[in-house]
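Computed from a predicted structure; not experimentally measured.
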Amino acid sequence: MSLGDIAKKAAQVGACAAKSVADSAKQKVERINMYKERYDTLDDAALIKKFKSSSGEQRMACIMLLRERGYGENMSQD
């Protein structure tokens, strides 16, 4: 195997890894948006309660909705 072949293989592996990361990020954004749609009907008090009891993507959706409703920038610091 020549150096050129090794470089081609490395480029292919890198491209596959980048695609996998991009697909994973896209799926995460889709799940966050799903939670945002689900939680958008909650009133502020219920949304704050959900924020305090959630983690990960659910918590991120709550933070985003609360910020859209005018709550402070320090929401992620609980």
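Both Met34 and Leu66 belong to a single network of hydrophobic side chains, linked directly or stepwise wherever heavy atoms of I, L, V, M, F, W or Y lie under 4.5 Å apart.
With hydrogens and angles ignored, the 3.5 Å screen pairs no side-chain donor or acceptor of Ser54 with any backbone N or O of Phe51.
Applying the salt bridge (Lys or Arg N to Asp or Glu O under 4.0 Å) criterion to Lys36, with sequence neighbours excluded, gives Glu68. The side chain to side chain donor-acceptor pair (under 3.5 Å) test applied to Arg69 returns Asp44, not counting sequence neighbours. Under the salt bridge (Lys or Arg N to Asp or Glu O under 4.0 Å) criterion, Asp43 pairs with no residue, sequence neighbours left out.
A distance of 11.5 Å separates CG of Asp40 from CG of Asn33, quoted to the nearest 0.5 Å.
Cluster partners of Met64 are Ile32, Met60, counting Ile, Leu, Val, Met, Phe, Trp and Tyr whose side-chain heavy atoms approach within less than 4.5 Å, directly or via other members.
Among residues at least two apart or in separate chains, salt bridge (Lys or Arg N to Asp or Glu O under 4.0 Å) pairs with a member in residues 26-35 are Arg31-Glu57. Sorted pairs that involve residues 2-22 and meet ring pair (Phe, Tyr, Trp, His ring centres under 6.0 Å), not counting sequence neighbours, are lacking altogether.
In this structure, Tyr71 and Ile48 have side chains that are in contact, with non-hydrogen atoms separated by less than 4.5 Å.
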